[in-house]
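Below: one structure, written as structure tokens.
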Protein chains: 2
Amino acid sequence: MLTERRATILGLVVREYVQTAEPVSSKALVDRRGLDVSSATVRNEMARLEDEGYITHPHTSAGRIPSDLGYRTYVQSLMAEEPVGAEEQRTITHQLHQVGGGLEDWLSLTATILAGAVGNVAVVTRPRTVTAGRLRHLQLVELNADTALLVAVMDDGRLRQRLVPLRTPATQAELQERAARLNARLAAADGPGARALAADLVDVDDASTARAAAELIEEHRGAEETYLDGLSRALRQPEFADPDRMLDAVARLQTYRLRTLLEGAADALPGETRVVIGSEMAADEMQDWSVVIARYGDPESAGTVAVVGPTRMAYERTIPRVRYIASLMGQLLRDMR
Amino acid sequence: MLTERRATILGLVVREYVQTAEPVSSKALVDRRGLDVSSATVRNEMARLEDEGYITHPHTSAGRIPSDLGYRTYVQSLMAEEPVGAEEQRTITHQLHQVGGGLEDWLSLTATILAGAVGNVAVVTRPRTVTAGRLRHLQLVELNADTALLVAVMDDGRLRQRLVPLRTPATQAELQERAARLNARLAAADGPGARALAADLVDVDDASTARAAAELIEEHRGAEETYLDGLSRALRQPEFADPDRMLDAVARLQTYRLRTLLEGAADALPGETRVVIGSEMAADEMQDWSVVIARYGDPESAGTVAVVGPTRMAYERTIPRVRYIASLMGQLLRDMR
DNA sequence: GTTAGCACTCTCGCCCCGAGAGTGCTAACA
DNA sequence: TGTTAGCACTCTCGGGGCGAGAGTGCTAAC
């Protein structure tokens with residue numbers, strides 16, 4: 001059982017260790033954290049905490065470091081979140097409004113801001129519809145006599161393009177008509193649907209364009225856009241002082257590897273913030289890592305914001321900041337519509 | 001003066017050092033590279049090479065390593081390029097045809113392939129027109145009663161999008177007409193041109209859409225798409241064994257920092273391959289790095305392929321591979337049109 | 001001009017060792 | 001029974017010393 005005093009000590013151990021990255025000694029807690037018991041008492045309590053699995057020992061004559069259970073308990077019941085202050089909120093919103101451009105620039109900027117705010121790697125994904133991506137609109141643009149550019153606007157607002165060769169040359173006006181014909185037929189089609197409808201078309205160019213559209217829709221389904229920043233800052237943390245570990249971290253944080261990590265939280269609701277700590281991670285080669293993750297957007301079209309770092313993470317800072325950024329993005333997304 | 005024998009020795013020093021990453025001793029050259037003189041003679045020649053600035057000494061009792069001048073001489077006149085063999089060509093083209101999707105996937109795959117082929121970081125940029133980006137086509141897609149999606153197709157085939165609020169609601173058909181009106185006016189406009197023409201429009205929504213188009217065109221001018229891969233493999237090289245150096249490399253190879261590096265070669269012609277070695281680099285914090293860089297495409301629309309790595313680089317492998325990939329991309333780009 | 005020989009230099013890995021930090025335990029105390 | 005002082009014990013860490021090994025530069029002979 002975790003008595004109140006032991007809980008206090010556990011909390012202090014976590015805080016101290018997160019701050020200093022050095023094993024925490026009983027003496028350090030008494031001296032620097034103002035516990036009004038002697039270090040011997042703290043030692044006794046620490047021994048109990050160790051028995052119960054909340055903290056561990058790197059070696060006999062070293063201080064204690066939190067175990068994953070220790071962090072979990074801390075996050076769950078001991079920690080007081082450090083709210084995002086008015087000043088910081090201003091800075092963040094100000095930075096967010098710096099960018100004039102499209103959604104991509106905005107997402108990439110968000111990753112940068114979040115990474116800066118928490119000092120770890122931040123990952124942001126573009127909002128996606130949960131349903132299979134459907135077509136919203138097609139457009140054909142004349143490039144030259146025998147090629148046109150097919151542009152598909154998807155229901156989540158993303159664009160896909162492809163060059164389509166034309167059997168018979170067509171003017172822009174004719175292309176426009178073809179696009180109108182296809183839009184009428186393929187409205188809100190998904191991949192297989194579009195493919196089926198394409199088969200019915202008699203005109204060769206209509207049919208090949210419809211097939212190209214079907215391919216675009218299918219490609220779009222699988223494609224996820226991920227924005228990542230903060231790698232080089234995160235690597236400055238002492239856990240990566242060893243070059244092997246650093247190399248490992250770089251390889252691990254390649255965006256395509258993070259996908260699976262983030263997909264695990266796809267079922268979270270907007271507003272909910274999840275924390276996955278060390279051994280709780282599905283991938284067992286990520287035992288030394290933690291993720292704080294939140295979804296933003298509507299249930300129909302949602303994206304992910306996450307912070308990835310070593311288990312020794314300032315959870316009380318990270319969690320509210322991930323939550324804040326996620327809510328901000330949800331809001332901005334709604335404003336856009 | 002670089003006598004023939006000294007040139008041979010310099011060449012062997014470069015090759016040996018590139019291979020082993022260890023300072024090269026006179027004995028090693030005689031034993032492992034089959035020089036038919038004694039190590040003492042090699043030592044004498046090495047001393048001369050050092051006087052002339054082609055090689056250096058880390059410390060008294062260590063072997064020699066090439067200086068930047070040594071590498072430069074090697075690349076310029078001593079090296080025999082290692083051609084891309086038929087088998088390797090097949091592998092590369094095969095990999096390149098793996099991807100079905102759009103240009104982005106294709107560029108990103110190219111970076112991966114090149115990085116794999118040379119074991120260093122590879123960077124690929126999307127082809128851009130040298131002239132200021134001009135508009136090819138506008139399209140409006142209805143999203144809801146008071147918002148439309150404006151899609152601009154630029155003359156280099158890239159797309160830009162933006163949401164435009166509508167003063168008066170419009171059907172898709174009406175939006176189509178508006179797009180046609182604007183296309184007629186803004187055909188091939190650049191940013192300022194579009195802005196000027198927008199001012200003449202009387203209809204509020206026409207005008208605001210035209211202004212949005214002008215913004216899209218201006219954004220597009222500055223935007224460059226860069227694809228990078230091979231970081232974690234490159235970091236395995238012994239020059240990054242020290243965590244500080246590794247960290248430095250990670251920070252340095254952030255895509256946005258590479259931009260300036262690559263822009264230096266924007267004036268190169270397709271087919272030409274440039275090599276910039278260590279101190280020849282404009283940025284003086286990149287003294288330990290080399291870049292092999294080539295342009296691909298037409299003079300009107302060209303992109304960049306590059307390999308970035310430590311000065312100790314297998315130039316005879318890297319240069320022909322960068323050249324090969326660049327020519328391949330040029331070809332594929334032409335086929336696409 | 002080439003080469004054998006040799007003294008000299010510098011690095012690198014290893015061991016050793018003492019200082020320091022922390023713990024666990026015991027015994028005394030409230 | 002809980003708390004605390006005291007102390008022995010353990011483990012890490014950094015520095016110094018040292019010998020082996022690798023290479024060079026120089027000299028003298030060929």
Side-chain angles (χ1 to χ4, degrees), chain A residues 1-10 12-14 16-17 19-67 70 238-239 241-243, chain B residues 1-10 12-14 16-17 19-67 70 238-239 241-243:
Chain A
M1 240 258 355
L2 200 59
T3 64
E4 192 169 339
R5 190 169 67 183
R6 277 206 283 287
T8 312
I9 290 177
L10 174 57
L12 292 177
V13 168
V14 173
E16 184 75 11
Y17 183 63
Q19 202 184 334
T20 64
E22 309 255 297
V24 182
S25 74
S26 54
K27 191 157 171 301
L29 282 195
V30 175
D31 290 358
R32 305 187 24 195
R33 297 282 166 165
L35 273 178
D36 55 351
V37 288
S38 78
S39 68
T41 308
V42 176
R43 278 202 290 283
N44 286 331
E45 294 290 49
M46 277 176 156
R48 284 293 302 274
L49 283 169
E50 181 158 7
D51 286 345
E52 291 163 359
Y54 295 105
I55 54 182
T56 23
H57 248 168
H59 58 87
T60 333
S61 74
R64 298 312 211 292
I65 62 177
S67 66
E239 6 274 292
D242 175 43
Chain B
M1 242 256 359
L2 200 58
T3 64
E4 192 169 338
R5 189 168 68 183
R6 276 206 284 284
T8 312
I9 290 176
L10 173 57
L12 292 177
V13 169
V14 173
E16 184 76 11
Y17 182 64
Q19 201 184 335
T20 63
E22 309 255 295
V24 182
S25 72
S26 53
K27 192 157 171 302
L29 281 195
V30 175
D31 290 357
R32 304 185 28 195
R33 297 282 167 165
L35 272 179
D36 54 351
V37 288
S38 77
S39 68
T41 308
V42 175
R43 277 202 291 285
N44 286 331
E45 295 290 49
M46 278 175 155
R48 284 293 300 273
L49 283 168
E50 182 158 6
D51 287 345
E52 290 162 0
Y54 294 105
I55 55 183
T56 22
H57 247 169
H59 58 85
T60 333
S61 75
R64 298 312 212 292
I65 61 176
S67 66
E239 6 274 291
D242 175 43

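Per chain, numbering begins at 1; letters A, B, ... match sequence-line order.
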Exercise. Contact class for Ser39(B) (heavy atom, under 4.0 Å): base, sugar-phosphate, or nothing?
Worked result: nothing

Exercise. With a 4.5 Å heavy-atom cut-off, do Val42(A) and Arg33(A) have their side chains touching?
Worked result: no

Exercise. From dT3(C), dG24(C), dA22(D), pick the nucleotide closest to the side chain of His57(A)?
Worked result: dG24(C)

Exercise. Between Glu4(A) (CD) and dG2(D) (P), how many Å, whole number?
Worked result: 16 Å

For this session: Identify the two heavy atoms, one from Pro66(B) and one from Tyr17(B), that lie closest to each other, and give their separation to 0.1 Å.
Result: CD-CD2, 3.4 Å

Exercise. dA21(C) phosphate, OP1 or OP2: any side-chain N/O from Arg64(A) under 4.0 angstrom?
Worked result: no

Exercise. For dA29(D), what is the paired nucleotide under Watson-Crick or G-U wobble rules, both distances under 3.5 Å?
Worked result: dT2(C)

For this session: Mind calculating the distance between CG (Asp31(A)) and P (dA21(C)) to the nearest angstrom?
Result: 12 Å

Exercise. What nucleotide, of dG25(D), dT23(C), dG23(D), holds the atom closest to the side chain of Ser26(A)?
Worked result: dT23(C)

Exercise. Ile65(A) CD1 to dT12(D) P: how many Å, rounded?
Worked result: 14 Å

Seminar exercise, completed: note: Glu45(A), atom CD; dT3(D), atom C1'; distance rounded to Å ~ 11 Å

Seminar exercise, completed: Out of dT11(C), dG24(C), dT23(C), minimum distance to the side chain of Ser25(A) belongs to dT23(C)

Seminar exercise, completed: When rounded to whole Å, the CZ to P distance for the pair Arg48(A) and dT23(C) reads 17 Å

Exercise. Hey, does Leu2(B) have a side-chain heavy atom less than 4.5 Å from the side chain of Tyr54(B)?
Worked result: yes

Exercise. Could you state the CZ-C1' distance from Arg5(B) to dT3(C), rounded to the nearest angstrom?
Worked result: 11 Å

Problem set entry | Phosphate contact (dT12(D) OP1 or OP2) by Ser61(A) side-chain N/O below 4.0 Å | no

Problem set entry | Under-3.5 Å donor-acceptor pair between Arg43(B) side chain and dG5(C) base | yes

Exercise. Out of dT24(D), dT4(D), dT23(C), which has the shortest distance to the side chain of Ser38(A)?
Worked result: dT4(D)

Problem set entry | Nucleotide opposite dG19(D) in a Watson-Crick or G-U pair, distances under 3.5 Å | dC12(C)

Problem set entry | Base dC10(C) to side chain Thr60(B), donor-acceptor N/O within 3.5 Å cut-off | no

For this session: May I ask you to say what Ala40(A) touches in the nucleic acid, namely base, sugar-phosphate or nothing, with a heavy-atom cut-off under 4.0 Å?
Result: base

Exercise. For the pair made of CG in Leu29(A) and P in dA21(C), what is the distance, rounded to whole Å?
Worked result: 16 Å

For this session: Evaluate the side-chain proximity of Val37(B) to Arg5(B): yes if any heavy-atom separation is below 4.5 Å, no if none is.
Result: yes

Exercise. Using purine N1 to pyrimidine N3 plus N6-O4 or O6-N4 for Watson-Crick, or N1-O2 and O6-N3 for G-U wobble, both under 3.5 Å, which nucleotide pairs with dT23(C)?
Worked result: dA8(D)

Problem set entry | Among dT4(D), dT3(C), dC10(C), the one nearest His59(B) by side-chain distance | dC10(C)

Exercise. Which of these passes side-chain hydrogen bond (donor to acceptor under 3.5 Å, both in side chains) with Arg43(B): Ser26(B), Ser25(B), Ser38(B)?
Worked result: Ser26(B)

Problem set entry | Nearest-nucleotide comparison on DNA chain D, the residue closer to the 5′ end among Asn44(A) and Ala62(B) | Asn44(A)

Problem set entry | Tyr17(A) OH - dG22(C) C1' separation (whole Å) | 16 Å

Problem set entry | Min side-chain heavy-atom separation Met46(B)-Val13(B) under 4.5 Å | yes

